Amino acid sequence: MAQNTILILGAGPRVGWSVARKFKAEGYQVAVGSRNPDVKKATEEDILTVTVDLTKTESVEDAFAQVKKSLGIPNVVVYNAATVTFPEDFDDPFSISPQALMNDTKLNAFGAYAALREAVKGFKELSVGTPKAFIATGNVLPFKPHPAGVTLGAGKAALVHLVDIAAKAYRKGNFRFYFASQVTSSGDTIAYPDLSEGAHGLVYWELVNQTEQGAWDVRFLEDGRLVSSA
């Protein structure tokens, strides 16, 4: 039986690498993709690195091809990339230039769509009994907008739309899709310094091992406990 493989796109030093180590510890082959991957650290931990520019469709496609060639088709894909341009004045969010919004959306939404598309293509080639899941690292800006996060929220809102569609469209094939967000105890957006790396790894592992889709909008606390999105 082929070994399960996870591809993490947007492998930052906190959430991305925490998820990588969790899945590695559980027996997965792991590939991490970023613009400037830490090859030395990855080699030490027996993790494959791929250099990828997530704002370019062809680069995303090439990253999947590299992983398929080296490890096999990834049955779990995590899209962990995000970027934001803050307005100089939070009371004037539309002072951000259209070009800045466009540039951020290339990473936050178009790159995610390219990854979703490649993930689904791969899932179709995998055996019936293999778990197949796409997880987007999210936040609650699409549901609770904030002027400071206008470019990030717009991109994440597009990603929410795509994940919702995917969860409906590919349910018969048991391909599963999630938009997973750590939240505060009151259900609000978590500040970046307060992100729990360990909670992401724990929750993502639990999602992959579910036998059914369940809710695609997944919210959790710093200890990994799931909370209602209602």
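These numbers come from a predicted model, not from an experiment.
Judged by the 6.0 Å distance and 45° axis criteria, R171 is not positioned over the aromatic ring of F177. Cation-pi geometry between K22 and W17 is not satisfied (NZ or CZ under 6.0 Å from the ring centre, within 45° of the ring normal).
The closest side-chain heavy-atom distance from R176 to K132 is not below 4.5 Å. No side-chain heavy atom of Y79 sits less than 4.5 Å from a side-chain heavy atom of I135. Between Y178 and Q210 the shortest side-chain heavy-atom distance falls below 4.5 Å. A 4.5 Å side-chain heavy-atom check between V78 and L9 finds every atom pair outside the cut-off. Using a 4.5 Å heavy-atom threshold, the side chains of Y170 and Q213 count as separate. Using a 4.5 Å heavy-atom cutoff, the side chains of V76 and F134 are not in contact. V227 places none of its side-chain heavy atoms less than 4.5 Å from the side chain of F220. Inter-residue side-chain proximity for P74 and I6 is flagged as unmet; no heavy-atom pair is nearer than 4.5 Å.
L7 contributes atom CG, which lies 5.0 Å from atom CZ of F64 (distance to the nearest 0.5 angstrom). To the nearest 0.5 Å, atoms CG (L221) and CG (L226) are separated by 8.5 Å. How far CG of N108 is from CG of L141: 10.5 Å, rounded to the nearest 0.5 Å. Rounding to the nearest 0.5 angstrom, the gap separating the NZ atom in K121 from the CG atom in L116 is 13.0 Å. Expressed to the nearest 0.5 Å, how far CD of E118 lies from CD1 of I73 amounts to 11.0 Å. Between atom CG of residue L48 and atom CD1 of residue I8 there is a gap of 11.5 Å, rounded to the nearest 0.5 Å.
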Distance-only donor-acceptor hits, side chain of residues 27-35, under 3.5 Å, sequence neighbours excluded:
| residue | atom | partner | partner atom | Å |
| --- | --- | --- | --- | --- |
| Y28 | OH | N75 | ND2 | 3.2 |
| Q29 | NE2 | T5 | OG1 | 2.9 |
| Q29 | NE2 | L71 | O | 3.0 |
| R35 | NH1 | D53 | OD2 | 3.4 |
| R35 | NH2 | D53 | OD1 | 3.3 |

With a cut-off of 3.5 Å and sequence neighbours excluded, list every side-chain donor-acceptor pair involving residues 189-196.
| residue | atom | partner | partner atom | Å |
| --- | --- | --- | --- | --- |
| S196 | OG | A199 | N | 3.2 |
| S196 | OG | E222 | O | 3.0 |

Identify all side-chain donor-acceptor contacts of residues 152-168 below 3.5 Å with residues at least two apart in sequence or on another chain.
| residue | atom | partner | partner atom | Å |
| --- | --- | --- | --- | --- |
| K156 | NZ | T137 | O | 2.6 |
| D164 | OD1 | K168 | NZ | 2.3 |
| D164 | OD1 | W216 | NE1 | 3.2 |
| D164 | OD2 | K168 | NZ | 3.2 |

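The main-chain N or O of I47 is never found under 3.5 Å from a side-chain atom of K41 such that the two would form a donor-acceptor pair. Of the possible donor and acceptor atoms, none in the side chain of T130 sits under 3.5 Å from a partner among the backbone N and O of L126. At least one donor-acceptor pair under 3.5 Å links the side chain of T184 to the backbone N or O of D188. Between the side chain of E212 and the main chain of G214, no donor-acceptor pair closer than 3.5 Å is present. Looking only at distances, a side-chain donor or acceptor of S95 sits under 3.5 Å from a matching main-chain atom of D92. Judged purely by atom type and a 3.5 angstrom limit, K24 uses its side chain to pair as donor or acceptor with the backbone of D46. Under a 3.5 Å cut-off, the side chain of S18 and the backbone N or O of R14 do not form any donor-acceptor pair. Judged by distance alone, with hydrogens and angles left aside, the side-chain atoms of N209 form a donor-acceptor pair with the main-chain N or O of W205 at under 3.5 Å.
Y113 OH: 12 or fewer foreign heavy atoms inside a 6.0 Å radius.
In the hydrophobic cluster analysis, where Ile, Leu, Val, Met, Phe, Trp and Tyr join through side-chain heavy atoms closer than 4.5 angstrom, F175 is grouped together with V67. Both V50 and L107 are members of a single hydrophobic cluster when ILVMFWY side chains are connected at heavy-atom separations under 4.5 Å. In the hydrophobic cluster analysis, where Ile, Leu, Val, Met, Phe, Trp and Tyr join through side-chain heavy atoms closer than 4.5 angstrom, V77 is grouped apart from F23. Using a 4.5 Å cut-off between side-chain heavy atoms of Ile, Leu, Val, Met, Phe, Trp and Tyr, with links allowed through other members, V120 and L54 fall into the same hydrophobic cluster.
Using a 4.0 Å cut-off between charged side-chain N and carboxylate O, D217 and R219 make a salt bridge. A salt bridge links E45 with R21: at least one charged nitrogen is closer than 4.0 Å to a carboxylate oxygen.
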Exercise. Between E61 and Q66, does a side-chain contact (heavy atoms from CB on, under 4.5 Å) hold up when you go through it step by step?
Worked result: CA-CA 9 Å; E61 293 171 349; Q66 289 183 55; over 6 Å; no

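The aromatic rings of H200 and Y204 stand perpendicular to each other, their planes meeting at an angle above 60°, with 30° marking the opposite boundary.
Between A180 and L207, the closest heavy-atom pair is CB-CD1, 4.4 Å. Residue T51 comes nearest to S59 through the heavy atom pair O-OG, 4.4 Å, listed as atom of the first residue, atom of the second, then distance. Smallest separation of non-hydrogen atoms from A148 and F86: O-CD2, 3.1 Å. In terms of heavy atoms, V218 sits closest to A215 at CG2-O, 3.6 Å.
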